[in-house]
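Letters A, B, ... mirror the listed sequences (proteins, then strands); counts begin at 1.
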Amino acid sequence: MPYTTKEIQKIEEKWQKIWDKKKIFKVDVNDKKPKYYCLEMFPYPSGKIHMGHVRNYTITDVIARFKMMQGFNVLHPMGYDAFGQPAENAAIKRKIDPAEWTYDCIDQMRKGLKRMGFSYDWDRELATCDKDYYKWNQWIFIKMFERGLAYKKTSSVNWCPSCETTLANEEVLAGGCWRCQTPVVQKDLDQWYLKITEYSERLLEDLKQLSFWPSRVIAMQENWIGKSMGAEIYFRVKDTDDPIPVFTTRADTIFGATYVVLAPEHPLVDKLIKGVKHEEAIRQFIQKISNQSKSVRISGEQKKEGVFTGRYAINPANNKEIPIWIADYVLMEYGTGAIMAVPTHDQRDFLFAKEHALPMEIVIEDPQNLDRKVSDMKEAFEGEGVLINSAQFNGIKNIDAIEKIGAWFQENGNGKMTVHWRLRDWLISRQRYWGTPIPMIYCETCGIVPVPEKNLPVELPPDIDITGEGGSPLRKCADFVNVKCPSCGKKATRETDTMATFFDSSWYYLRYCSSKNKKEVFDKKEAGYWMPVDQYVGGIEHAILHLLYSRFFTKFFKDLGFVTFDEPFVRLLTQGMVLKDGEVMSKSRGNTVDPDEVIKNYGADALRLCILFAAPPEDQLEWNDGAVDGAWKFLNRIWNLIEKQYKVVNENIAFQEFDEDDKNLQRECHSAIKKITEDISSYKFNTAISSLMILINSVDKYKFDKNNVVKQSLFNFTMRAVILLLSPFTPHICEELWHKIGSKEETIVKAAWPTYNEVYLKKDMAEVVVQVNGKLRGKFSVAVDISEEEIKKIALSDEGIQKWILDKPVKKFIYLPGKLVNIVV
RNA sequence: GGGCAAGUGGUGGAAUGGCAUACACGCAGGACUUAAAAUCCUGUGGCUGCAAGGCCGUGAGGGUUCGACUCCCUCCUUGCCCACCA
């Protein structure tokens with residue numbers, strides 16, 4: 001029976017059915033085995049699986065199967081991140097129910113995943129749009145509400161007046177709505193937030209525990225959390241004495257602060273400008289800025305604009321009067337919404353001061369340019385130096401002055417040392433239908449009342465008319481909106497916004513531990529056994545949001561007493577993207593390759609092998625059709641070797657009867673076992689596969705003799721190892737061959753991973769490379785345990801080497817046993 | 001502007017500071033075949049040479065070392081992330 005396209009389909013589908021029917025990958029808590037939780041980021045079900053999924057899930061599957069064969073109790077679950085906008089868009093466009101559309105997509109997706117032969121425990125499958133799942137979203141939300149971690153606040157957000165909805169910054173394109181191009185405005189809205197900032201310190205500190213995460217993900221999270229140590233200094237408004245706290249990381253430059261700038265939204269602005277000469281013009285300026293969308297304002301491209309308020313502040317360092325300005329480059333969301341401007345030592349302030357002819361004073365001496373004058377400056381001096389024009393702090397190094405001046409202010413009450421975070425609270429309200437309803441009720445007498453636990457879930461009403469015209473679709477559904485207040489029984493209304501879908505995906509890995517649990521968010525005991533996740537695999541695009549939110553949720557569950565650990569994911573592997581013709585494969589670019597087509601022609605095994613062999617998992621992968629062909633050829637060679645040469649024999653291999661050729665093959669087999677085990681453990685799948693290819697090349701060259709029992713059994717031994725070693729990569733063909741050669745286990749996954757014997761790795765002879773002055777000049781085959789003296793004699797007397805040494809004296813002789821000689825002359 | 005990666009044959013990519021280019025793709029030649037496909041074998045960094053061989057060669061330049069793709073410094077290029085962040 002040849003390994004043809006038709007046969008491949010038959011074999012692969014046969015084993016997929018058997019694995020499914022016998023529930024080979026179903027696992028339960030088992031204290032007798034070490035556990036291993038292997039997880040991939042669950043997909044958004046938008047239709048068929050694509051190459052990105054194939055790559056992500058193949059990597060994870062290799063790890064899972066490898067660990068299974070090594071005797072671990074492996075949890076490897078799959079589910080769907082099923083709420084979200086695409087379902088709603090499909091509903092608008094095609095007039096179908098988002099639920100129907102989503103469950104259709106899930107069916108397609110499941111089919112695709114099963115056709116790849118992934119080792120999932122399908123009994124744990126979940127979809128976040130199942131009410132059994134989102135019920136617990138609501139439960140978690142209420143727990144957070146009870147602890148003050150979920151709260152409502154009015155804040156300025158991007159708003160599309162035509163669609164009547166809030167937009168994320170990413171949804172604003174060139175100042176307009178991504179859907180209708182209407183200019184986006186800022187609007188104050190009352191929205192639900194999660195107080196992730198309460199966990200800033202822990203989220204930052206615990207990054208230190210994540211020594212098996214890629215350093216760049218750690219760096220991105222650090223940046224995002226953005227802890228900055230500095231000082232808050234109180235400037236005061238002249239005459240009224242109103243304080244203007246400013247945040248600065250450069251307290252050392254305080255004596256050079258020659259003006260103060262407030263954000264246009266700063267609460268003090270209104271009071272300050274009341275009655276000043278140009279009040280109307282200033283108000284117009286503020287109006288103009290506030291009409292700009294955040295993304296335009298933050299772009300940093302445009303020129304910095306500002307106006308003078310006509311008022312002055314007192315610099316607490318030297319009691320000088322300095323003007324107060326309003327400018328668009330100061331943001332209310334960061335720091336205190338006000339800055340002290342030091343144009344001589346901050347480039348942004350410098351440009352602004354030049355533009356508006358504001359005063360400057362040099363307070364740090366540039367060691368390269370001691371007598372610099374303000375009039376000579378072409379740009380701010382941001383380097384290190386010694387303080388000048390700074391009263392009692394003159395002569396101190398500026399880096400030391402940061403702390404000293406901060407302490408001085410702390411003492412005299414003009415400021416304090418403080419920490420600022422870049423991390424903002426998380427806005428989770430969405431004016432959408434296809435998401436988890438926020439389980440809150442508004443009552444005129446009782447205020448905001450959470451839905452009692454016994455009434456959860458608050459179900460999404462079906463048959464809602466989704467028009468896409470904006471606003472929460474749920475608010476048009478009277479049956480949904482009107483309720484009795486759970487507290488006083490009077491008429492009340494429900495919250496009609498739904499949760500951002502990142503909420504759903506922040507804890508699904510905990511739910512997998514007991515995904516069918518009806519009583520609790522998850523079973524503490526089962527989560528205690530399986531968690532934390534030992535290996536998480538997914539795209540780098542989730543480096544910040546999803547991973548940060550999941551870490552936040554885990555810490556919250558720890559505080560609730562549900563888990564005992566701080567971090568959910570011990571190891572993280574971020575797989576690279578799949579490219580075609582140098583660009584990321586994507587539907588919008590139209591450069592996708594359909595995995596189904598490849599499977600149809602070559603099978604899932606060849607696809608898996610080719611994608612693993614083409615590049616290390618973290619690197620980008622350039623898709624190449626020819627590579628699948630190569631993978632298939634390799635599998636075919638193995639198939640043919642077994643078909644033609646494998647024959648069961650009873651005799652055990654007797655080492656004494658081995659000739660040199662046998663010993664070589666045995667050594668190569670054991671060294672391949674060693675190398676492949678090490679490579680898979682460190683996720684170097686491409687080199688693991690190349691080692692298998694090298695071993696097969698050796699088997700091809702091996703002087704096989706079907707009438708020689710010793711050679712037959714050595715061949716058998718080697719091929720058994722090959723099948724086992726290859727099985728995590730290409731499980732179907734290996735399962736088939738494993739049974740073809742008469743193995744007893746019901747599945748190869750239950751066979752033990754092969755081990756090597758150190759004894760067989762040893763060589764008698766070694767090839768030693770000889771260099772003269774670091775250049776390769778010869779090679780010798782010598783006994784491995786040859787002494788330095790002996791090799792020196794051999795090397796120096798060799799003619800080929802001699803001609804490079806001649807009569808020059810040997811200055812140094814370096815010998816790496818069994819490897820290399822370097823003669824320095 | 002800040003941070004993090006990465007730069008090696010025609011291509012994807014290998015190399016605990018020790019033989020640069022493993023393995024594979026592609027290409028060329030050969031065997032088998034009436035022929036083709038498939039399969040198998042051989043060759044395949046550049047320059048030079050009939051050959052043996054020699055010289056050069058891992059983005060550029062410097063340094064450390066007996067020895068550098070690998071470590072250090074400077075620069076260039078590309079990719080990703082963050083950013084009017086005070």
**Report entry** For atom OH of A/Y602 and atom P of B/rA24, their distance in whole Å
**Finding:** 18 Å
Requested in this report: Would you kindly give the CG-to-C1' distance between A/D700 and B/rU42, to the nearest whole Å?
Outcome: 15 Å
Query raised in the report: Using a cut-off of 4.0 Å on non-hydrogen atoms, how would the nucleic acid contact of A/K675 be classed: base, sugar-phosphate, or nothing?
Result: nothing
Query raised in the report: Which part of the nucleic acid does A/P214 contact within heavy-atom distance under 4.0 Å: base, sugar-phosphate only, or nothing?
Result: nothing
Query - Atom pair distance, as rounded to whole Å: CD1 in A/I540 and P in B/rC80 - result: 12 Å
Query raised in the report: Is a donor-acceptor pair below 3.5 Å formed from side chain A/N822 to base B/rC66, judging by atom type as modelled?
Result: yes
Query raised in the report: With respect to the phosphate group of B/rC56, does any side-chain polar atom (N or O) of A/K775 fall under 4.0 Å of OP1 or OP2?
Result: yes
Report task. Would you mind reading off the distance between A/L262 atom CG and B/rC84 atom C1', rounded to a whole angstrom? Result -> 16 Å
Query raised in the report: Just how far, in rounded Å, is C1' of B/rU16 from CG of A/L816?
Result: 12 Å
Query - Nearest-Å distance for atom pair CG/C1', residues A/L423 and B/rA83 - result: 16 Å
Report task. Look at the side-chain N and O atoms of A/N686 and state whether any lies under 4.0 Å from the OP1 or OP2 oxygen of B/rA14. Result -> yes
Query - Donor-acceptor pair under 3.5 Å, A/K819 side chain vs B/rU16 base - result: yes
Requested in this report: Remember a base hit wins even if backbone is also touched, and classify A/N697 as base, sugar-phosphate or nothing at under 4.0 Å, heavy atoms.
Outcome: sugar-phosphate
Report task. Could you give the distance separating B/rG45 and B/rC50 at their C1' atoms, to the nearest angstrom? Result -> 23 Å
**Report entry** Nucleotide B/rA86, atom P - distance to NE2 of A/H420 in whole Å
**Finding:** 11 Å
Report task. Answer with base, sugar-phosphate or nothing: what part of the nucleic acid does A/Q620 contact at a heavy-atom distance below 4.0 Å? Result -> sugar-phosphate
Query - Same-atom distance (C1') from B/rG26 to B/rC76, integer angstrom - result: 31 Å
Query - Side-chain donor/acceptor contact of A/D328 with base of B/rC84 under 3.5 Å - result: yes
Report task. Between B/rG18, B/rA24, B/rG2, spot the one nearest the side chain of A/M693, thanks. Result -> B/rA24
Requested in this report: Look at all strands and tell whether A/E767 reaches a base, only sugar-phosphate, or nothing, counting heavy atoms closer than 4.0 Å.
Outcome: base
Requested in this report: Using both distances under 3.5 Å as the test, list the Watson-Crick or G-U wobble partner of B/rA31, or none.
Outcome: B/rU39
Requested in this report: Please check if any side-chain donor atom of A/N640 sits under 3.5 Å from a side-chain acceptor atom of A/R637, or the reverse.
Outcome: no
Query raised in the report: Is any side-chain nitrogen or oxygen of A/R777 closer than 4.0 Å to OP1 or OP2 of B/rG54?
Result: yes
Query raised in the report: Any idea if B/rG79 is syn or anti, going by the 90°-from-0 cut?
Result: anti
Query raised in the report: What nucleic acid atoms does A/A627 come within less than 4.0 Å of, heavy atoms only: base, sugar-phosphate, or nothing?
Result: nothing
**Report entry** A/W426 ring center within less than 6.0 Å of A/F502 ring center
**Finding:** no
Query raised in the report: So, is A/R348 near the phosphate of B/rC85, with a side-chain N or O under 4.0 Å from OP1 or OP2?
Result: yes
Requested in this report: Looking at every strand, decide which applies to A/K811 at a 4.0 Å heavy-atom threshold: base, sugar-phosphate, or nothing.
Outcome: nothing
Report task. Starting at atom CZ of A/R216, determine the distance to atom C1' of B/rG3, rounded to an integer number of angstrom. Result -> 12 Å
Query raised in the report: Hey, are the side chains of A/K675 and A/I694 touching, using non-hydrogen atoms and a 4.5 Å cut-off?
Result: no
Query raised in the report: A/W623 near the nucleic acid: base, sugar-phosphate alone, or nothing, with a heavy-atom cut-off under 4.0 Å?
Result: nothing
